[in-house]
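Take a look at the structure below.
Values below: all heavy atoms of this structure, side chains included; hydrogens, waters and symmetry mates excluded.
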Amino acid sequence: MSLHKNHPYHLVDISPWPLLGALSTMITMMGLIKWFHFYKLNLFLLGFIIILLVMYQWWRDIVRESTFQGHHTYNVTMGLRWGMILFITSEVLFFISFFWGFFHNSLSPSIEIGMIWPPKGIETFNPIEIPLLNTLILLTSGLTVTWAHHSLMENNYSQSFQGLLLTVILGFYFTLLQGYEYMEAPFTISDAAYGSSFFMATGFHGLHVIIGSLFLFVCLIRLYFNHFSSIHHFGFEAAAWYWHFVDVVWLFLYISIYWWGS
């Protein structure tokens, strides 16, 4: 079989990772159910460890294909860009569903919750304490990731590394503060529609912050090993797009749920 091709596209080799990733996700979900019903974490941890191993090896293969084997041509990169744009669009619609539920309940509170919002007995968070600090942290991280991106395009690798390192630190700091906020919360997810709306929206956003922080951390490692150039760094660009999306969603969460909703 000839290794030469007369087209600019990348036809991927047979890979075990999609199937193994799906099976490990199924094991993790079954473990989650076992954890909820029997309070045993063993199956969940097994599935989660397998997911991490699959992720590492799958991403390793993609890094090899893009960085060392040169398979990510202009046409392939354009396809990846459109894929990322459509993915972020789907994520926007995902969060719109949470905002829809929140505004439906807050603008026309039902008789079951006393026709008031927030429901009686719910003590809301002060929006100018930890929520405002978290807002400043995410806005600052948006500036630092933009700084890192522009530095990379100007071949300034030291400033790019510094900006990306600061972004990762701010992302994990945000997660720590939100975890502390959850531990100190005076209500739970089972406290009427307010508790459900609050923890579902902020919880899924927190999950996206963790994913985005890991995304940027992988880019930080790749930047350290000189995997990116000023004209070939879509992995980092996609991570920056995702992080800006996370920033914008948080602004809407802060304004609607923490400030207006309280």
Quick check, are the ring centers of F236 and H149 under 6.0 angstrom apart? yes
Is T73 close to P8 at the side-chain level, that is, under 4.5 Å between some pair of heavy atoms? yes
For residues Y182 and F199, establish whether the separation of their ring centroids is below 6.0 Å. yes
Side chains of T144 and T167 only: does a donor on one sit below 3.5 Å from an acceptor on the other? yes
Can you find a pair of side-chain heavy atoms, one from D247 and one from L251, that are under 4.5 Å apart? no
Could you measure the distance from the CG atom of L164 to the CZ atom of F217? Nearest 0.5 Å is fine. 10.0 Å
L176: which residues meet the side chain to side chain contact (heavy atoms under 4.5 Å, CB included) condition with it, sequence neighbours left out? none
Checking side-chain polar atoms at under 3.5 Å, does D13 have a donor or acceptor matched by the opposite partner on S15? no
In Å, rounded to the nearest 0.5 Å, how long is the span from CG of N134 to OG1 of T175? 8.5 Å
Taking the ring of F103 and the ring of W260, is the distance between their centroids below 6.0 Å? yes
The reported gap from CG in L136 to CG in L170 (rounded to nearest 0.5 angstrom) is 11.0 Å
Could you tell me whether the side chain of H227 reaches within less than 4.5 Å of the side chain of H233, counting heavy atoms only? no
Show which side-chain atoms of residues 48-61 pair as donor or acceptor with protein atoms under 3.5 Å away, not counting sequence neighbours.
| from | atom 1 | to | atom 2 | distance (Å) |
| --- | --- | --- | --- | --- |
| Q57 | NE2 | L53 | O | 3.1 |
| D61 | OD2 | W17 | NE1 | 2.7 |

Output for pair (S141 OG, I137 CD1), nearest 0.5 Å, gives 8.5 Å
Check whether the side chains of Y194 and T124 place a donor and an acceptor atom closer than 3.5 Å, and report yes or no. no
Linking I/L/V/M/F/W/Y whenever their side-chain heavy atoms sit closer than 4.5 Å, directly or via other members, would I189 and I122 fall into one cluster? yes
Show me the donor-acceptor pairs, under 3.5 Å and distance only, between side chains in residues 83-90 and residues at least two apart or in other chains.
| from | atom 1 | to | atom 2 | distance (Å) |
| --- | --- | --- | --- | --- |
| T89 | OG1 | I85 | O | 2.8 |
| S90 | OG | F87 | O | 2.5 |

Got F234 and E237 here, is their nearest side-chain heavy-atom distance under 4.5 Å? yes
Is the distance between the ring centroids of W117 and F102 under 6.0 Å? yes
Could you tell me if the ring centre of F215 sits under 6.0 Å from that of W243? no
Side-chain contact, heavy-atom cut-off 4.5 Å: Y254 with P127? yes
For a 4.5 angstrom cut-off between non-hydrogen side-chain atoms, does M30 reach L43? yes
Side chains of E91 and H208: any donor to acceptor distance under 3.5 Å? yes
Nearest 0.5 Å, what's the OG-NE2 distance between S66 and H72? 5.0 Å
hydrophobic_cluster_shared for I96 and V248, side chain cutoff 4.5 Å: yes
Joining Ile, Leu, Val, Met, Phe, Trp and Tyr whenever any side-chain heavy atoms lie under 4.5 Å apart, the cluster holding L166 also takes in W147
Quick check: do N156 and H150 have side-chain heavy atoms less than 4.5 Å from each other? no
Centroid separation under 6.0 Å, is that true for the rings of F198 and Y258? yes
Heavy-atom distance under 4.5 Å between the side chains of P131 and E181, does that happen here? yes
Residues clustered with M153, ILVMFWY side-chain links under 4.5 angstrom: none
State plainly whether one hydrophobic cluster holds both F99 and F125, where clusters connect Ile, Leu, Val, Met, Phe, Trp and Tyr through side-chain heavy atoms under 4.5 angstrom apart. yes
Nearest-0.5 Å distance, CG of residue L132 to CG of residue N126: 9.5 Å
Got a sec, which hydrophobics cluster with W35, joining ILVMFWY side chains under 4.5 Å apart, including via others? M29, L32, F36, L41, F44, L45
Please check if the distance between the ring centroids of H205 and F98 is under 6.0 Å. no
